[in-house]
Each structure stands twice: as C-alpha cells, then as structure tokens.
Amino acid sequence: MIPAFDLLVLNQIPNIGSNRLRMLSSHFEDYTQIYDASPKEFARVEGIHKKIASQISHFLKSDDLDLAKKHAEKQLSMINKIGGGIITYWDKNYPELLKKIYDPPVFLFLRGMFDPSDRYSLAIVGTRTPT
C-alpha cells in the first residue's frame with residue numbers, strides 16, 4: 001500500500017494514472033522500492049513498457065521529484081486547512097462500487113465523513129485540468 005503523500009507524488013509522473021499506480025503498488029513489496037527501481041525493473045510491471053519505464057525512472061532521479069514532493073505537501077496542507085482528507089484505493093472506507101469501475105481513482109479527496117447510507121449515493125467527478 002502506498003501512502004497518500006507518495007500517491008500524490010507518483011501521480012505527477014507523466015503517463016502514470018490510476019491503473020499504473022495500482023500496478024506499481026502490487027508489483028513492489030514495499031512502495032519505497034519504487035523510488036530506487038531501475039527502468040528495467042519498471043518494465044517488468046504489468047502495463048508499463050520500456051518508454052514509460054524510462055520516463056518514470058528519469059522523473060524519480062530528476063529535480064521533478066522535488067517539485068512533485070513540494071506540490072504534494074501543498075495539496076496536503078490545503079486539505080488539512082479545510083478539514084478534508086484523502087481515502088486511498090486500499091483503505092477500508094474506499095467505496096466498494098467505485099472499485100468495480102474500469103479505472104477507479106487511487107485516491108479520493110473528501111470533506112466530511114462517509115456514512116453507511118452513502119453506499120447508494122451519487123458523486124460528480126471533476127476534471128484534473130479545469131478551465
């Protein structure tokens with residue numbers, strides 16, 4: 001299981017989405033191994049071909065990683081300021097029905113708490129790059 005902070009960091013790697021984050025999490029025994037993996041190791045992960053593996057490795061060894069960490073810290077700070085939280089795909093509170101869609105998000109930003117009656121609720125999901 002990858003902690004929310006690291007999911008926010010890894011999510012900033014180009015061409016890495018929810019599906020590839022789940023694959024990385026299931027492939028590596030310890031999420032910290034992701035930061036030290038070689039392109040060859042990344043290419044062994046289901047759904048990651050050589051070009052993507054090279055991009056991941058380059059990102060994690062460049063200044064982009066530091067920028068991604070700062071951005072993740074800023075996101076977490078903003079979430080804390082509004083009393084929000086993050087639920088990851090691996091958390092017990094993650095909605096079961098959402099796990100069954102084609103490409104479920106690996107994390108959800110929330111404000112407030114889930115209630116058992118929320119199981120039958122609807123949600124509106126926004127875009128990553130609003131205009």
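Quick note: residue numbers are just sequence positions, from 1.
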Item to complete: Quick one: list whatever passes side chain to side chain contact (heavy atoms under 4.5 Å, CB included) with L110, sequence neighbours left out.
Response: I87
Worksheet item: Same cluster for L67 and L8 if Ile/Leu/Val/Met/Phe/Trp/Tyr side chains link at under 4.5 Å?
Response: no
Worksheet entry | I34 side chain reached by I2 side chain, heavy atoms, under 4.5 Å | yes
Item to complete: Quick one: closest heavy-atom pair of I86 and D91, and the distance?
Response: O-OD2, 4.1 Å
Fill in: Sequence neighbours excluded - ring pair (Phe, Tyr, Trp, His ring centres under 6.0 Å) pairs with any residue from residues 16-46
F28-F42
Fill in: SB check R20 D103 (cutoff 4.0 Å)
no
Worksheet item: Is the closest side-chain heavy-atom distance between Y94 and P105 below 4.5 Å?
Response: yes
For residues 69-79, run the donor-acceptor check on the side chains, cut-off 3.5 Å, and write out each pair with its distance to 0.1 Å, sequence neighbours left out.
none

Discussion item. Any heavy-atom pair between the side chains of D6 and T32 that's under 4.5 Å?
Written reply: no
Practice prompt. Hey, could you give me each pair passing side-chain hydrogen bond (donor to acceptor under 3.5 Å, both in side chains) that has a residue in residues 46-55? Not counting sequence neighbours.
Written response: N15-Q55
Item to complete: Heavy atoms only: give me the nearest A37-S57 pair and the separation to one decimal.
Response: O-OG, 4.0 Å
Discussion item. The criterion is ring pair (Phe, Tyr, Trp, His ring centres under 6.0 Å); which residues satisfy it with F107, sequence neighbours excluded?
Written reply: F109
Worksheet item: Could you state the interatomic distance from CG (L21) to OG1 (T88), rounded to the nearest 0.5 Å?
Response: 11.0 Å
Worksheet item: Should we count CG of D63 as having more than 12 external heavy atoms under 6.0 Å?
Response: no
Practice prompt. Calculate, to the nearest 0.5 Å, the distance between atoms CG and CD1 belonging to L10 and I56 respectively.
Written response: 8.5 Å
Worksheet item: Does the side chain of Y89 reach to within under 4.5 Å of the side chain of S25, using non-hydrogen atoms?
Response: no
Worksheet item: What residues, two or more places apart in sequence or in another chain, satisfy side chain to side chain contact (heavy atoms under 4.5 Å, CB included) together with I82?
Response: R111
Discussion item. How about NZ on K100, more than 12 heavy atoms from neighbouring residues, nucleotides or ligands closer than 6.0 Å, or not?
Written reply: no
Item to complete: Starting at CH2 of W90, measure out to OG of S26 and round the result to the nearest 0.5 Å.
Response: 8.5 Å
Item to complete: Check whether any side-chain heavy atom of I13 lies under 4.5 Å from a side-chain heavy atom of D64, and answer yes or no.
Response: no
